Amino acid sequence: MNSSDKKLGEIRALILVGGYGTRLRPLTLSRPKPLVEFANKPILMHQIEALVDAGVTQVILAVSYRAEDMEKELTEQVSKLGVSLTFSHETEPLGTAGPLALARDLLSASPEPFFVLNSDVICEFPFKELAKFHRSHGKEGTIVVTKVKEPSKYGVVVYKDDGEIENFVEKPQEFISNKINAGMYILNPSILDRIELCPTSIEKEVFPFMAKDGQLYAMELEGFWMDVGQPKDFLTGMCLYLTSLRQKNSNMLHEGDGVVGNVIIDPTATIGKGCRIGPNVTIGPNVVIEDGACIKRSTILRGACVRQHAWLDGCIVGWKSVVGRWVRMENTTVLGEDVIVKDELYINGGQVLPHKSIALSVPEPQIIM
Amino acid sequence: MLKAVILIGGPQKGTRFRPLSLDTPKPLFPIAGLPLIQHHIAACAKLTDCKEILIIGSYTTVTMTPFVSEMQKEYHVIIRYLQEFTPLGTGGGLYHFRDQIRAGNPTAFFLLNGDVCADFPLKELWAFHEEKSTAIVTIMGTEATRQQSVHYGCMVREPNTKAVTHYVEKPSSYISTLINCGVYVCSLQVFHTMADAFQRKQDGFYNGNGQGSAHPGYMSWEQDVLALLAGTNKLYAIQVTNWWSQVKTAGSAIYANRHYLELHRDRLSHAPCNILPDVFVHPTAVVDSTAVIGPNVSIGAGVTVKAGVRIKESIILNNATIHEHTLIMYSVVGQEASVGEWSRVEGTPSDPDPNKPFAKMDNTPLFNNEGRLNPSISILGAGVVVPAETILLNSIVLPHKHLTRSFKHEIIL
């Protein structure tokens with residue numbers, strides 16, 4: 001570690017976890033969203049590990065519901081990383097800025113800038129570069145922006161060559177920029193004077209004013225970016241993440257007979273004979289894949305079982321679920337925890353709630369209560 | 001001495017059986033491993049008194065000869081095919097070949113429609129007919145639901161004598177739940193009745209009253225002969241409870257397959273794989289030991305079924321290949337067709353409603369009133385190629401089409 005990294009060590013981070021994660025149901029009916037495994041690791045741990053890597057020592061989680069099991073499990077996991085975890089509970093949802101005001105005492109304990117990030121974002125987190133860039137321009141805040149193909153769906157960020165943000169434009173009809181807010185910021189404690197303790201949107205009610213004052217800069221993200229808050233994007237994000245692993249950390253990927261493309265398989269999982277796994281598959285701990293199964297672009301969570309000759313494409317198979325023999329599942333089918341899909345069924349875009357046993361095919365996308 | 005006549009129609013008929021009938025004439029389509037009308041022949045050949053079986057239709061002799069000579073070898077009875085020079089209707093063909101039928105002076109002859117399948121109780125039928133001294137024709141009848149009865153020939157009987165007092169083919173309103181199965185015993189006097197009917201038809205044709213007829217010799221057995229005999233104490237009907245069904249649509253092939261497999265359990269082979277009865281596997285088919293086949297599956301000659309394949313409620317025709325891990329259910333796979341690995345070919349069964357006693361198959365049309373395809377079995381025509389990892393759901397693929405993607409609820413030309 002060089003001397004500039006040591007300075008980073010005093011930085012705190014606040015993660016906006018928010019509510020129940022309804023967009024990722026039925027998975028979030030069994031487990032709080034931050035604990036849902038993305039590429040065999042809880043979504044939140046991807047972010048915390050990257051923060052720790054950038055020298056962060058205190059992580060504040062802004063949550064709007066109580067989930068003791070989550071707090072216990074996360075505290076346990078995070079303590080191994082040598083970082084302290086604090087839960088900041090909202091009694092009413094405070095939007096994306098309100099939680100900062102709520103954690104004001106923690107965030108303003110030192111004059112050092114702090115990180116803020118949305119909990120659903122997956123990318124090659126650039127926290128070190130972000131801190132460096134922030135220091136270099138010396139203004140109040142820096143937000144990470146990422147390039148998107150269809151900017152008219154989002155709010156875009158317009159900024160100068162040196163990064164100074166000129167303005168934000170919601171859903172532009174004419175092309176004006178293809179950079180959007182990536183949901184990751186570094187902010188000076190002085191920003192807290194701009195926020196009141198009430199439901200407030202940081203994107204709409206704080207950043208535009210900072211930009212007007214010439215106090216907000218943009219840093220462009222390199223590599224992929226995805227908001228994995230809903231199943232379809234969860235799978236797309238997984239593909240991007242695995243591609244990035246191939247480039248950056250390919251020894252984490254599984255190689256072997258019957259494995260095609262980028263695949264992660266937990267060492268405790270068992271894979272039968274004559275299977276074809278991949279491309280773009282993650283298989284969790286204690287998963288059993290029986291003989292002759294074919295799995296593409298899917299996530300199989302801990303303890304699930306995919307039986308013989310099943311074919312899966314674009315699926316999330318929940319914890320301890322069982323997919324029967326000769327079952328075909330596709331089109332963003334999501335099985336909640338402990339779901340049983342009987343032999344020989346066809347599930348097309350089914351969202352199946354936990355503890356359900358499915359005995360009839362689902363030929364068109366449907367929610368199975 | 002007895003004879004039997006099987007009416008098989010011609011290539012102009014049986015269009016509802018397409019695309020299966022595009023490759024194989026419907027009467028020769030294999031059900032439970034045997035051509036449809038071989039089941040008729042087998043039932044007739046069981047009667048030692050039955051000395052000759054005449055098959056009448058308008059298919060070319062070239063089409064029928066190989067089958068007939070094969071039957072001739074297999075059954076110890078004279079079997080001949082008589083080709084109608086032009087389609088003459090169910091009665092016209094029969095009347096045209098009356099001398100062939102009368103030759104050798106049989107006591108009576110069985111008359112069987114080629115497009116039915118049944119556990120033909122011919123002995124019972126003959127005993128009943130013999131007992132009725134005034135009977136010229138005895139109809140095999142069965143009970144149907146009130147709703148479905150109107151799609152068949154309906155008859156009313158005198159309760160004691162069982163003589164048919166009223167006969168209407170496909171009535172527009174309800175008549176009776178006793179329907180005609182298309183299986184009969186006829187005494188030779190029937191040709192006198194037919195001569196009268198024939199005379200009447202010809203008169204009509206030439207004085208302009210029979211405008212609908214394409215040919216002066218055209219005659220409907222049901223409308224022109226049976227209806228005429230009703231109420232004369234010459235037409236009788238026996239009511240049976242044996243399994244019976246029409247074979248009109250392609251979907252009925254799967255239904256017929258199930259019942260014929262059940263009837264012929266004795267001749268089912270024991271393939272070296274996991275079998276859920278009843279299953280017929282042709283001895284020349286190669287089935288991997290890890291495949292799971294059944295219930296209700298017929299696998300034809302030269303078929304290859306690879307590892308981890310699952311087949312149920314289906315018919316796989318000669319020389320087709322089913323690749324690894326694939327699932328086939330409620331479908332017919334045509335000759336020389338190929339289904340790639342990890343694919344799914346699935347149809348919807350069209351069995352009679354099991355909750356209604358005496359319900360028959362609904363021979364639903366291909367399309368519903370909104371112009372959408374009615375769910376049916378899936379059918380792959382001859383030489384069709386289904387790529388790996390695709391799904392074919394309730395779809396019909398015409399012969400020799402090479403698919404490149406999945407299809408649902410479609411007819412692929």
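For clarity, every value in this text was computed on a predicted model and none was experimentally measured. Per chain, numbering begins at 1; letters A, B, ... match sequence-line order.
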May I have a list of the donor-acceptor pairs under 3.5 Å that connect chain B with chain A?
{"unit_1": "B:Gly308", "atom_1": "O", "unit_2": "A:Trp326", "atom_2": "NE1", "d": "2.8"}
{"unit_1": "B:Arg310", "atom_1": "NE", "unit_2": "A:Glu344", "atom_2": "OE2", "d": "2.5"}
{"unit_1": "B:Arg310", "atom_1": "NH2", "unit_2": "A:Glu344", "atom_2": "OE2", "d": "3.4"}
{"unit_1": "B:Lys312", "atom_1": "NZ", "unit_2": "A:Glu344", "atom_2": "OE1", "d": "2.6"}
{"unit_1": "B:His325", "atom_1": "ND1", "unit_2": "A:Gly292", "atom_2": "O", "d": "3.4"}
{"unit_1": "B:His325", "atom_1": "ND1", "unit_2": "A:His309", "atom_2": "ND1", "d": "2.7"}
{"unit_1": "B:Trp342", "atom_1": "NE1", "unit_2": "A:Gly292", "atom_2": "O", "d": "2.8"}
{"unit_1": "B:Arg344", "atom_1": "NH1", "unit_2": "A:Trp326", "atom_2": "O", "d": "3.3"}
{"unit_1": "B:Arg344", "atom_1": "NH1", "unit_2": "A:Glu344", "atom_2": "O", "d": "3.2"}
{"unit_1": "B:Arg344", "atom_1": "NH1", "unit_2": "A:Leu345", "atom_2": "O", "d": "3.2"}
{"unit_1": "B:Arg344", "atom_1": "NH2", "unit_2": "A:Glu344", "atom_2": "O", "d": "2.5"}
{"unit_1": "B:Glu389", "atom_1": "O", "unit_2": "A:Arg328", "atom_2": "NH1", "d": "3.2"}
{"unit_1": "B:Glu389", "atom_1": "O", "unit_2": "A:Arg328", "atom_2": "NH2", "d": "3.0"}
{"unit_1": "B:Glu389", "atom_1": "OE1", "unit_2": "A:Arg276", "atom_2": "NH2", "d": "3.4"}
{"unit_1": "B:Glu389", "atom_1": "OE1", "unit_2": "A:Lys296", "atom_2": "NZ", "d": "2.6"}
{"unit_1": "B:Glu389", "atom_1": "OE1", "unit_2": "A:Trp311", "atom_2": "NE1", "d": "2.9"}
{"unit_1": "B:Glu389", "atom_1": "OE2", "unit_2": "A:Arg276", "atom_2": "NH1", "d": "3.4"}
{"unit_1": "B:Glu389", "atom_1": "OE2", "unit_2": "A:Arg276", "atom_2": "NH2", "d": "2.1"}
{"unit_1": "B:Thr390", "atom_1": "O", "unit_2": "A:Arg328", "atom_2": "NH1", "d": "3.2"}
{"unit_1": "B:Lys408", "atom_1": "NZ", "unit_2": "A:Tyr346", "atom_2": "OH", "d": "2.5"}

The test is side-chain contact (heavy atoms from CB on, under 4.5 Å); show your working for A:Leu312 and A:Val281 and say whether it passes.
CA-CA 10 Å; A:Leu312 280 69; A:Val281 171; over 6 Å; no
If you apply the rule side-chain contact (heavy atoms from CB on, under 4.5 Å), what do you find for B:Thr321 with B:Val339, and how did you get there?
CA-CA 6 Å; B:Thr321 304; B:Val339 182; over 6 Å; no
Under the criterion side-chain contact (heavy atoms from CB on, under 4.5 Å), I'd like the reasoning laid out for A:Val341 against A:Val322: C-alpha separation, chi angles, the key distance, then a yes or no.
CA-CA 6 Å; A:Val341 179; A:Val322 179; over 6 Å; no
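Residues passing the side chain to side chain contact (heavy atoms under 4.5 Å, CB included) test with B:Leu34 are B:Gln38, B:His39, B:Arg267, sequence neighbours excluded.
Ranked by heavy-atom pairs shorter than 4.5 Å toward chain A, the options B:Ile391, B:Val292, B:Val309 are led by B:Ile391.
Taking the six-membered ring where tryptophan is involved, the planes of B:His259 and B:Tyr255 are perpendicular, since the angle between them exceeds 60° and thus also 30°.
Taking the charged nitrogens against the carboxylate oxygens, B:Arg265 and B:Asp278 do have a contact shorter than 4.0 Å, which makes a salt bridge.
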